[in-house]
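Heads up: the structure comes next, in structure tokens.
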Amino acid sequence: MKLFALVDCNNFYASCETVFNPSLRGKPLVVLSNNDGCVISRSPEAKRMGIKMGQPFFEIKKLVEDGKLFALSANFTLYGDLSRRVMETLFSISPKVEVYSIDEAFLYLEGLPVTDYEKYGKFIKEKVYRWTGIPVAVGIAPTKTLAKAATYIAKRESEEGVIYIAPGEDFSTYLKKLPVEDVWGIGRNYSKFLKSKGIKTAYDFTLIPEDWVGRYMKINGLRTLLELRGKPAIPAETGGNRHSFITSRTFGTPVEKFEDLWSAVSTFVSLAGERMREEEYYATSISVFISGGTFSNPFFMQESEILSSPTDFTPELIDAARRILERIFKKGKEYKKAGILLGGLIMKKNFQFELFTPTEVVRKKESLMEAVDRINTRYGKDAVYFASSKISFRWHSVQKKLSRKFTTSWAELPVVKG
DNA sequence: TCTGGGGTCCTAGGACCC
DNA sequence: TCTGGGGTCCTAGGACCC
């Protein structure tokens with residue numbers, strides 16, 4: 001019998017900020033998206049005040065100014081580091097951990113010498129808190145979708161923050177409490193459709209015939225149905241095989257000039273290139289997109305290019321990005337966002353350079369990139385960079401309320417006063 | 001006035017090939 | 001009057017996730 005635990009960090013970004021700034025504990029706090037545009041994480045107190053996920057900042061600005069709500073710009077370096085610590089703790093607990101997102105992981109529990117899973121869940125929760133300061137909720141169940149559901153209930157109704165759904169147990173009481181739009185795998189569109197048919201809860205959903213779900217919600221809807229009925233239908237992640245790297249940003253202020261866009265795009269290519277080398281992939285294609293317009297009337301331009309051979313060499317990627325941007329750029333428009341995608345990834349270790357590529361050239365490119373990455377790791381991001389990235393700064397996003405890089409920058413380490 | 005960023009998978013349709 | 005069928009690859013768009 002399969003058994004999964006879902007460990008889900010509570011209000012992850014807001015919790016991370018609290019770890020290094022305890023004076024924020026118990027206060028209404030929100031974390032803002034990259035451009036201080038909207039709310040992406042809320043402390044329980046902020047939730048209670050009625051602040052919504054995704055709410056635009058301008059709607060709550062007054063509260064912040066009046067000192068009724070604390071707001072911070074997203075500090076993804078900090079969150080990434082704390083996420084790594086949480087995951088390491090989980091790896092120390094269970095032999096098979098599937099990191100599902102920055103703040104969630106599935107633990108595969110079958111075969112473990114555990115008898116009391118309720119207690120085991122509490123043990124996980126306490127250990128993560130003790131090692132990292134991050135509060136989590138734990139749901140344990142025979143399928144991943146039910147584990148998700150259990151976590152949902154655990155966060156809302158369990159004092160302990162732990163819910164265990166035993167195999168064979170009648171779990172309909174849980175599913176009746178789970179609104180259909182909060183089922184993992186049923187998003188905005190399908191839940192609207194389902195509600196129009198009178199299906200309001202996860203429990204209602206489990207009563208629908210399979211062929212109906214298959215017809216209207218395709219294979220993924222069917223998987224969700226089976227999982228909610230207690231039958232595992234979502235395959236284990238194979239892991240490690242990513243397909244793309246995306247880097248994109250909304251600009252601090254809209255830009256019109258080609259050079260401004262180009263500066264942004266070449267910066268994004270450098271950043272994505274670094275990540276790609278770090279994870280040891282080659283890209284076989286690159287896309288560039290630029291967009292703007294209003295919220296209700298947006299425009300979007302995008303084009304791709306197949307690279308002449310798989311590469312992780314930033315100058316080659318930058319050349320291709322430049323050609324694409326020249327093709328899609330139109331004068332006289334206000335651009336608010338740009339981005340690039342490195343696609344068709346292949347793992348470096350699985351790739352042999354074609355015979356006609358002179359080895360000497362490959363070696364030189366590699367050592368140049370290694371040198372650049374090494375310097376930037378050692379002396380901080382942007383110690384060396386490609387000239388095109390710094391032609392213009394107009395596009396830079398705005399982060400007025402940034403907390404410090406407590407864990408990843410020597411200069412910003414917290415100081416303990418004795 | 002002001003609405004993030006980074007991913008995955010599935011499906012339908014067209015191009016192209018034999 | 002007759003007008004194949006099957007496979008593959010690519011792309012765009014839509015759905016979902018955090």
Side-chain angles (χ1 to χ4, degrees), chain A residues 6-13 30-41 51-62 64 71 73-76 79-80 83 98-106 144-145 148 151-152 180-194 214-224 234-235 237-254 264 268 271-272 275-276 279 284-285 287 289 291-298 300 302-304 306 334 336-345 397-400:
Chain A
L6 176 68
V7 180
D8 190 341
C9 301
N10 301 340
N11 336 302
F12 184 56
Y13 300 161
V30 295
V31 174
L32 303 172
S33 61
N34 228 341
N35 219 21
D36 290 349
C38 62
V39 173
I40 56 172
S41 182
I51 310 288
K52 296 273 176 296
M53 192 68 173
Q55 191 163 3
F57 179 59
F58 68 85
E59 289 180 10
I60 54 170
K61 205 171 167 186
K62 185 90 177 31
V64 176
S73 302
N75 186 344
F76 289 107
Y79 312 150
S83 171
E98 191 178 290
V99 177
Y100 176 70
S101 73
I102 192 163
D103 67 341
E104 277 174 70
F106 286 105
K144 288 183 173 177
T145 308
K148 274 275 196 182
T151 309
Y152 178 93
V180 77
E181 68 268 26
D182 291 325
V183 171
W184 188 47
I186 299 179
R188 251 206 3 249
N189 285 282
Y190 284 140
S191 56
K192 201 173 149 201
F193 170 69
L194 289 169
R215 185 159 31 152
Y216 292 108
M217 298 171 67
K218 310 298 168 194
I219 183 76
N220 286 329
L222 202 49
R223 285 197 175 121
T224 301
I234 293 175
E237 292 289 319
T238 41
N241 259 340
R242 63 158 73 236
H243 301 124
S244 62
F245 288 96
I246 295 176
T247 300
S248 70
R249 294 285 183 281
T250 300
F251 302 144
T253 47
F268 302 157
L271 286 170
R275 287 176 59 207
M276 183 165 63
E279 295 188 31
T284 62
S285 70
S287 313
F289 57 88
S291 64
T294 60
F295 194 60
S296 52
N297 187 23
F300 182 80
Q302 175 182 31
E303 241 183 73
S304 323
I306 306 280
E334 288 212 324
K336 291 187 175 163
K337 181 176 175 173
I340 67 105
L341 179 148
L342 302 179
L345 299 184
S397 57
V398 185
Q399 292 203 294
K400 290 188 182 148

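Owing to the predicted nature of the structure, the values given are computational and were not obtained by experimental measurement. FYI, side chains are in, hydrogens and waters are out, and symmetry mates aren't considered; it's all heavy atoms of this structure.
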query = Looking for any heavy atom pair under 4.0 Å, which part of the strands does I186(A) touch: base, sugar-phosphate only, or nothing?
reply = sugar-phosphate

| query | Given the C1' atoms of dG4(B) and dC17(C), what is the spacing between them in whole Å? | reply | 15 Å

- prompt: Can you check whether N189(A) has a side-chain N or O nearer than 4.0 Å to OP1 or OP2 of dC16(C)?
  reply: yes

Under 4.0 Å between a side-chain N/O of T250(A) and OP1 or OP2 of dT3(B), yes or no? no

Select base, sugar-phosphate, or nothing to describe what V183(A) touches, counting heavy atoms under 4.0 Å on all strands.
sugar-phosphate

Worksheet item: Can F295(A) be said to stack with the base of dT3(B), given centres closer than 5.5 angstrom and planes under 30 degrees apart?
Response: yes

Base, sugar-phosphate or nothing for K52(A)? Non-hydrogen atoms, less than 4.0 Å. nothing

Next on the checklist: Using OP1 and OP2 only, check whether a side-chain N or O of K336(A) sits under 4.0 Å from dT1(B).
Outcome noted: no

task = Pick base, sugar-phosphate or nothing for D36(A), based on heavy-atom distances below 4.0 Å to the nucleic acid.
result = nothing

If only side-chain N and O atoms of R188(A) are considered, is one of them under 4.0 Å from the OP1 or OP2 phosphate oxygen of dC17(C)?
no

Side-chain N or O of R242(A) versus OP1/OP2 of dG6(B): is the shortest distance under 4.0 Å? no

| said: I want to check one thing: is the phosphate of dG4(B), taken as OP1 and OP2, less than 4.0 Å away from some side-chain N or O of S248(A)? | reply: no

